[in-house]
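Below is one structure, written out as structure tokens; comments come after it.
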Amino acid sequence: MSGRDADAPFVEFQDVWLAYNEELQAQGRYAVETIDLRLRRGEFAAIVGPSGCGKSTFMKLATGLRRATRGRVLVDGQVLDGPLKISGMAFQAPSLLPWRTTLDNVLLPLEIVEPYRSEFRRRRAEYEARAIELLAAVGLRGQERNYPWQLSGGMQQRASICRALIHEPKLLLLDEPFGALDAFTREELWCILRDLWQQRRFNVILVTHDLRESVFLADTVYVMSASPGRIVLRSEIELPRPRDLETTYTAGFVDAVHSLRSHIGAARPRPAQEAAT
């Protein structure tokens, strides 16, 4: 992927529709419809909406794991026609390999993704130093030789984020990465992710059900409707940066969360009895 003008969008969806197979397409049944968005270079975006609205489908489109049925997805000015090589991903389940140490789990992308794979043996010491530095940045100094079963859930998720960033991707995609954690650990990881993003300024697309999380972390929040998923609101978060946890108690933060909640409620289909009245 080649660089473009700094003002050009880094991620762009142009009237994107997706049906999961030809039969569903013939029936006019789409998972997402008419998705249009433009993410600036270095922008942190969040996608929120009710369950089943197509948030995870959106992620598959953004990484090239699914091709649009209609419309185009562009990243760094290039139309996606296959899996995106400049991205990193982390999910709700850390999915660390139990037989590998924390360090070796973080190094895994460099072992399997070119151009790192062909140079891995020769540059292993350099790559290990990079991984250890990244682990230290998320508070895992001294855990490099431990195995996943020796780590707490929050520590495993930190390692998962390091694994997603070890190859220095331009785009980080996060699918409910903190959803299974307790409130205190979740907020701690918000701050860690905030700091990593502010230091490195990669693009981020975060899918979450947590409206507080989206307002705390994102520059822009997109609200999706119930299936078929459409973007019903684009909300720029005007809260100043850097944001700390005290921000979550301010009137501006609470108002932003309530505004998003009202749009999600409006996007949900009404029960049949209510709709008939």
Side-chain angles (χ1 to χ4, degrees), residues 1-92 164 169-177 202-209 211 214 217-237 260 263-264 266-269:
M1 298 250 175
S2 59
R4 301 182 72 201
D5 187 283
D7 294 329
F10 184 73
V11 178
E12 187 170 11
F13 279 56
Q14 299 177 346
D15 191 26
V16 170
W17 299 55
L18 176 71
Y20 273 102
N21 56 52
E22 292 182 357
E23 181 180 352
L24 291 173
Q25 182 183 1
Q27 297 170 6
R29 296 171 59 187
Y30 292 89
V32 296
E33 300 180 346
T34 63
I35 302 294
D36 282 289
L37 60 79
R38 294 160 60 92
L39 304 185
R40 302 179 301 274
R41 192 171 300 274
E43 182 174 354
F44 196 128
I47 311 293
V48 301
S51 296
C53 71
K55 298 188 297 296
S56 294
T57 297
F58 177 94
M59 299 290 269
K60 293 173 185 175
L61 288 163
T63 55
L65 297 176
R66 280 282 182 177
R67 297 184 65 177
T69 306
R70 292 165 51 182
R72 302 194 305 171
V73 179
L74 297 89
V75 177
D76 204 14
Q78 303 296 314
V79 177
L80 285 190
D81 57 6
L84 184 63
K85 295 181 179 179
I86 62 168
S87 67
M89 297 190 71
F91 304 92
Q92 181 171 335
K170 295 182 180 179
L171 176 61
L172 177 64
L173 298 116
L174 302 171
D175 193 353
E176 296 281 354
F202 41 80
N203 276 77
V204 183
I205 299 177
L206 166 70
V207 163
T208 180
H209 282 98
L211 300 183
S214 69
L217 288 168
D219 296 312
T220 311
V221 180
Y222 292 87
V223 176
M224 293 187 71
S225 69
S227 183
R230 295 171 175 250
I231 291 174
V232 296
L233 177 71
R234 178 184 182 275
S235 177
E236 292 213 21
I237 305 303
L260 293 175
H263 282 87
I264 289 176
R268 289 177 176 162

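All values reported here derive from a predicted model rather than from experimental measurement.
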Problem - Heavy-atom check, side chain of Ile47 versus side chain of Met59, under 4.5 Å - result: no
Handout entry: Flag side-chain contact, heavy atom, 4.5 Å: Met89 against Asp175
Key = no
Problem - Heavy-atom pair with the smallest gap, counting every atom of Leu260 and Ser235 - result: CD2-CB, 4.1 Å
Handout entry: Side-chain heavy-atom pair Met224, Ile35 within 4.5 angstrom cut-off
Key = yes
Practice task
Return yes when atom CD of Glu23 has more than 12 non-hydrogen atoms of other residues, nucleotides or ligands closer than 6.0 Å, and no otherwise.
Solution key: no
Practice task
Answer yes or no: are there more than 12 heavy-atom neighbours, outside Glu22 itself, under 6.0 Å from its atom CD?
Solution key: no
Practice task
Look only at the side chain of Asp219 and the backbone of Ala45, and say whether a donor-acceptor pair between them is shorter than 3.5 Å.
Solution key: no
Problem - Close side-chain approach of Tyr222 and Leu39, heavy atoms under 4.5 Å - result: yes
Completion exercise
Heavy-atom closest pair (Thr69 atom, Leu18 atom, distance to 0.1 Å) is OG1-CA, 3.4 Å
Handout entry: Main-chain N/O of Arg41 paired to Asn203 side chain as donor or acceptor, under 3.5 Å
Key = no
Fill in the blank from the handout: The residue among Leu217, Val48, Leu174 that forms side chain to side chain contact (heavy atoms under 4.5 Å, CB included) with Thr208 is Val48
Problem - Close side-chain approach of Tyr20 and Thr57, heavy atoms under 4.5 Å - result: yes
Handout entry: Within 6.0 angstrom of Arg29 CZ, more than 12 heavy atoms from elsewhere
Key = no
Handout entry: pair Leu80-Leu74: side-chain heavy atoms closer than 4.5 Å
Key = no
